[in-house]
Amino acid sequence: MRPPTIRDVAERAGVSKSLVSLVLRGAAQVRPEKRRAVLAAVEELGYRPNAAARSLSERRTLPHSRLRSSGGTPMAGVLLNDLRNPWFVELLDGLGARLHDSGLRMLLADGRLNRRLGEDLTRTFTELRVDGIVAVGTLPASDELRAAARHIPTVVAGAREPVLPHVDVVAGDDAHGARLATEHLIGLGHRRIAHIAGQGVVGELRRTAFETVVREHGLTGLATVEQGDLTEEGGYRAMVRLLTAPHPPTAVFAFNDIACVGALSAAEESGLQVPRDLSLVGYDNTYLARLRHLWLTTVDSASHDIGRRAAQHLLDRMADPARPGETVLSPPTLEVRGTTGPPTRDP
C-alpha cells in the first residue's frame, strides 16, 4: 500500500503530470475545470506533495518496495505524545535499534508541540514520503493520522489508541500491571489504598484493574481513586487531596513514575516518611524510579521490548500492508524497591 504519487493524481484527473505540478504550485494559466479535476483527485487519493523533493529535488525517501532498485534510504516517522515523558526513552531505544538494524532512519516529532502550535505534524511525515509511521503514546485520532494510515504502514506503540484499520497496536498489559501493583500493597497488609488515576484508554485499564482487585479483596469501601494528569504536578496535587481527606490512605498506586514522584514530594512535605508512614508504587520503571534517592517500587512495563516489537511490526506491515491489524501486549513485572512496606498506622 504505497502512498499516492503525482502520476496517480494525473491518471485519476485525466491530465498530464506537468499540469498537476502547475496546479499544485498555484499557477494561474490552468483552466478552471482542469484545476477542479486535479484538486478533486488530490483529495480522493489523499495525495500530499513531497516536501523533501521540493527542497532537495534529487534526494527523496522512497517506498520500501522500491528501495533496492533506487538506492534510497527508507525512513520511519515517529510521532510521540510528549518528549518530556522519560518512559519514551527506553521505548525509543528499542524501536531505534531494531529500525537501524533494518536500515531505516527515524524522524521524530513531538505531539505536545503539535497540539500547542495547532498543527498536525503527521502531515509533515506524509509530505516527506516516510515509509512508515509509529505513533508513540496516546495521541488523538486526527484526520491526518487516519488519512496517513490508509496509505502508509502505521503502528501504535505504548498505547491502545487510536484504533485504526490495518494498524498494529503494540503495548504493555496495563490491566495485569495494575493488578501486580495493587496486590503487592494488599499483600503487605494495606487496606486503605488509593490510586492516582491517569487518562485515556490506558488510564481506564489501570483504574479498572485497581478497582477489580480491591473489590476481590473486599476493600471497596476503603479504596479511593483520585484523578491525576500524568505529570509530577498532577501527582503532587492528587496526593495533597488524599492526605487532607478524613481518612487518608496508607498506600498509593500512582498511574506512572512521574506522578509518583509528585506524590512522594507531597508526602514528605506533610512530614510523612516513606515507606514507614506511606507506601508508594509507580508505573513504567523509568530512570526516575531507579534514582538512588527515590528508589521507587514500580511496575516495569517492558518499554524496550515494546519498542523492538513495534519496529518489527512496522517492518512486517511494510512488507504486507494489507494484512489485518493486531494488538500485541508485552507482559509487565513488578520491581520492588524502597517505597513500599507494611503499614504502621491503623488501617
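Because the structure is a prediction, the values reported are computed rather than measured. Counting from 1, the numbers follow the sequence of the chain as shown.
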(request) Could you pull out all residues at least two apart from D93 that satisfy side-chain hydrogen bond (donor to acceptor under 3.5 Å, both in side chains)? (result) H304

(request) List in chain and number order the residues that pass side-chain hydrogen bond (donor to acceptor under 3.5 Å, both in side chains) with E226, two or more places apart in sequence or in another chain; answer none if no residue qualifies. (result) R241

Measuring from atom [atom1] of [X] to atom [atom2] of [Y], what distance do you get when rounded to the nearest 0.5 angstrom?
| X | Y | atom1 | atom2 | result |
| --- | --- | --- | --- | --- |
| F88 | L95 | CZ | CG | 12.0 Å |
| D316 | D168 | CG | CG | 8.0 Å |
| L264 | L280 | CG | CG | 6.0 Å |

(request) Among Ile, Leu, Val, Met, Phe, Trp and Tyr joined by side-chain contacts under 4.5 Å, find the other residues sharing a cluster with L188 and list them by chain and number. (result) none

Name each donor-acceptor pair under 3.5 Å that joins a side chain in residues 324-333 to protein atoms two or more places apart or in another chain, with its distance.
{"unit_1": "S330", "atom_1": "OG", "unit_2": "D305", "atom_2": "OD2", "d": "2.7"}

Check whether any side-chain heavy atom of [X] lies under 4.5 Å from a side-chain heavy atom of [Y], and answer yes or no.
| X | Y | result |
| --- | --- | --- |
| R308 | Q312 | no |
| E232 | S265 | yes |
| L107 | V78 | no |

(request) Only pairs at least two apart or in different chains count here, so list each ring pair (Phe, Tyr, Trp, His ring centres under 6.0 Å) that has a residue in residues 206-258. (result) H195-F210, H195-F253

(request) With sequence neighbours excluded, give me every ring pair (Phe, Tyr, Trp, His ring centres under 6.0 Å) pair touching residues 307-338. (result)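 Sorted result for residues 307-338: empty, none.
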
(message) Tell me the closest heavy-atom pair linking I133 and A148, and the distance in Å.
(response) CD1-CB, 3.9 Å

If you measure only the distance, is there a donor-acceptor pair under 3.5 Å linking the side chains of [X] and [Y]?
| X | Y | result |
| --- | --- | --- |
| S279 | H190 | yes |
| S303 | S301 | no |
| N285 | R337 | yes |
| E216 | T212 | no |
| D257 | T286 | yes |

(request) Show your working on side-chain hydrogen bond (donor to acceptor under 3.5 Å, both in side chains) between H184 and T340 and close with a plain yes or no. (result) CA-CA 9 Å; H184 170 64; T340 53; 3.0 Å; yes

(message) Salt bridge check, R207 against E211: does any charged N sit closer than 4.0 Å to a carboxylate O?
(response) yes

(request) State whether E233 and R237 are salt-bridged, where the test is any N-O pair (Lys NZ or Arg NE/NH1/NH2 against Asp/Glu carboxylate O) under 4.0 Å. (result) yes

